[in-house]
**Q** 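I'd like to ask some things about the structure below.
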Amino acid sequence: MADEAGVLVEATDIARFFDVSRPALARMIAREPRRTLRAVDGVSFAIPRGRTLSLVGESGCGKSTVARLVVGLYRPTRGRIGFDGTDVTDPAARGSGRGSIRRRMQMIFQDPYASLNPRWRVGGTIAEPLHAFGEAGGRAGANERVAALLTQVGLAPADSEKFPHEFSGGQRQRISIARALASQPEFLVCDEPTSALDVSVQAQILNLMKDLQAQFGLTYLFISHNLAVVRHMSDTVGVMYLGRIVEIAPAETVFRAPRHPYTRLLMDALPDIAMTGRARVPVGGEVPNPISPPAGCHFHPRCPLANDRCRRESPVLREAAGTSVACHAVEEGRA
Ligand SMILES: Nc1ncnc2c1ncn2[C@@H]1O[C@H](COP(=O)(O)OP(=O)(O)O)[C@@H](O)[C@H]1O
Ligand code: SF4
Ligand SMILES: [Mg+2]
């Protein structure tokens, strides 16, 4: 990717499978084999320091699983995850103290209410990582840090005395961001951070995240099912379908010249971003069951360009002119 020397986070062929078999006895009576769900199956990317990589795709395509793999909430079935040159695939490599990699990466979730303890005052929630990583610097020091963090996310120092239910959805997401920033991380994984919010509030939170990125030089892995949301956030956009990246390119290129038929479908579903006056087309069909994905190209049952080769042979990501696309039609020049 663009700036090889400055890569902070790198995923190489990561995969995570889940065993979703029924209990052994039921399986034996029904003579059923074990069933494996390939939530993520061979995803690679590199995020340069201070940049944003977004992953987009419909629900169920494996975005949250990638997020959880990267922050170490899941162990990969296969592949390697590098952070600032260290292989962190083994949880032990992430450490736990002040100098640890665990401190240097934090995650923001879709539902801030679920990630904030309803019985804790906001100040306590924000200060918790300070204590966990031994950075609180006594009670006065912690209070001062919490006040500064609340101000940074557009809230008031006095808000530290309140409880989560006293805030709106957008304000609660600001509190989660303040908590995530408490340990002074370099890297934030943001999993649908605005998907539960009204459109106008979404824009405010996205702007806040962009401002914080500029101020602190943060690196983001940003996850959304909505291409419109990632448009102004991303340096690079990766489009996921059924556990794989089908197209990855600089954001500007993806929006100007989407190449994969699935990316184009997602674009067509957007409200006329290119101002072409084209009518909006909803994305047709449904994401297949990842336990038994279609043979060949996983996208073929929904693809207007599918042919026999597509039904047989799985396309691999190939780079041309700065865009990597996994599609036979693109490769054959018939897309
Ligand atoms: N812990 C789990 N056990 C079994 N299946 C899972 C688990 N987590 C996710 N999945 C499945 O993996 C697929 C990808 O899920 P997820 O990563 O949450 O996708 P997304 O965030 O894009 O909606 C889905 O089919 C989901 O049902
Ligand atoms: S490989 Fe074939 S089915 Fe898959 S996206 Fe390309 S044209 Fe469509
Ligand atoms: Mg998700």
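Read the numbers this way: they start at 1 and go in the same order the structure lists the ligands and their atoms. Position 1 is the first residue of the sequence, and the numbers go up from there.
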**Q** Which residue owns the protein heavy atom closest to atom 1 (S) of ligand 2, what's the atom, and how far is it?
**A**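 Ranking protein heavy atoms by distance from atom 1 (S) of ligand 2, first comes His328 N, 3.2 Å.
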**Q** Specify whether an N/O/S atom of Ser64 falls short of 2.8 Å from the Mg ion (ligand 3).
**A**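 Of the N, O and S atoms in Ser64, at least one lies under 2.8 Å from the Mg ion (ligand 3), which means yes.
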**Q** Closest by any non-hydrogen atom to atom 21 (O) of ligand 1: pick that one out of Ala67, Gly243, Ser64.
**A**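 Shortest heavy-atom distance from atom 21 (O) of ligand 1: Ser64.
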**Q** Have Thr194 and Gln173 got a donor and an acceptor in their side chains that come within less than 3.5 Å?
**A**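 Checked: Thr194/Gln173 side chains show no N/O donor-acceptor pair below 3.5 Å.
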**Q** Is the positively charged end of Arg231 above the ring of Phe255, judged by distance under 6.0 angstrom from the centroid and angle within 45° of the axis?
**A**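 So Arg231 does make the cation-pi contact.
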**Q** Any idea which protein heavy atom is nearest atom 2 (Fe) of ligand 2, and the distance to it?
**A**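 Ranking protein heavy atoms by distance from atom 2 (Fe) of ligand 2, first comes Cys310 SG, 2.2 Å.
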**Q** So which heavy atom in the protein is nearest atom 7 (C) of ligand 1, and how far is it from that ligand atom?
**A**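 Protein heavy atom with the smallest distance to atom 7 (C) of ligand 1: Phe18 CE1, 3.4 Å.
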**Q** Assess Gly60 for proximity to ligand 1: is some non-hydrogen atom of it under 4.0 Å away?
**A**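 Per 4.0 Å heavy-atom rule, Gly60 contacts ligand 1.
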**Q** Please work out whether the ring planes of Phe299 and His260 are parallel, tilted or perpendicular, with thresholds of 30° and 60°.
**A**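 Aromatic pair Phe299/His260 classed tilted.
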**Q** Can you tell me how far CZ of Arg35 sits from CG of Asn289, rounded to the nearest 0.5 angstrom?
**A**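 Taking CG in Asn289 and CZ in Arg35, the distance rounds to 7.5 Å.
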**Q** Taking the six-membered ring of Phe167 (Phe, Tyr or Trp), confirm whether the NZ or CZ of Arg172 is under 6.0 Å from its centre and within 45° of its axis.
**A**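 No.
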**Q** Starting from atom 8 (Fe) of ligand 2, locate the nearest protein heavy atom and write down its residue, its atom name and how far away it is, to 0.1 Å.
**A**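 Result: Cys303 SG, 2.3 Å.
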**Q** Restricting to N/O/S atoms, is Cys327 within less than 2.8 Å of atom 6 (Fe) of ligand 2 or not?
**A**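 Of the N, O and S atoms in Cys327, at least one lies under 2.8 Å from atom 6 (Fe) of ligand 2, which means yes.
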**Q** Relative to the heavy atoms of His260, which atoms of ligand 2 are at a distance of less than 4.0 Å?
**A**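 Atoms satisfying the 4.0 Å criterion: 5 (S).
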**Q** Tell me whether atom 26 (C) of ligand 1 lies less than 4.0 Å from at least one protein heavy-atom position.
**A**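 So far as the 4.0 Å threshold goes, atom 26 (C) of ligand 1 is out of reach of every protein heavy atom.
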**Q** In terms of atom number and element, which parts of ligand 2 are under 4.0 angstrom from non-hydrogen atoms of Leu305?
**A**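 Atoms satisfying the 4.0 Å criterion: 7 (S).
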**Q** Tell me the protein heavy atom at minimum distance from atom 4 (Fe) of ligand 2, and give that distance in Å.
**A**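 Atom 4 (Fe) of ligand 2 sits closest to the protein heavy atom Cys297 SG, 2.3 Å.
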**Q** Do any nitrogen or oxygen atoms of Gly62 lie less than 3.5 angstrom from nitrogen or oxygen atoms of ligand 1?
**A**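 Yes.
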**Q** Does a donor on one side chain sit under 3.5 Å from an acceptor on the other, for Ser21 and Asp19?
**A**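 On atom types as modelled, these side chains qualify, holding a pair under 3.5 Å.
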**Q** Nearest protein heavy-atom contact for atom 16 (P) of ligand 1: which residue, which atom, what distance?
**A**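 Nearest protein contact, heavy atoms only, for atom 16 (P) of ligand 1 is Thr65 OG1, 3.7 Å.
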**Q** How far does CG of Leu181 sit from CG of Leu188, to the nearest 0.5 angstrom?
**A**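 These two atoms lie 6.0 Å from each other.
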**Q** Check this for me - ligand 1, Leu37, N or O atoms closer than 3.5 angstrom, yes or no?
**A**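 No, there is no polar N/O contact under 3.5 Å.
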**Q** Please confirm whether Arg68 makes a cation-pi placement over Tyr74, using NZ or CZ under 6.0 Å from the six-membered ring centre and within 45° of the ring normal.
**A**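 So Arg68 does make the cation-pi contact.
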**Q** With rounding to the nearest 0.5 angstrom, report the CG to CG distance, Leu130 to Asn143.
**A**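 Output value for this atom pair is 10.0 Å.
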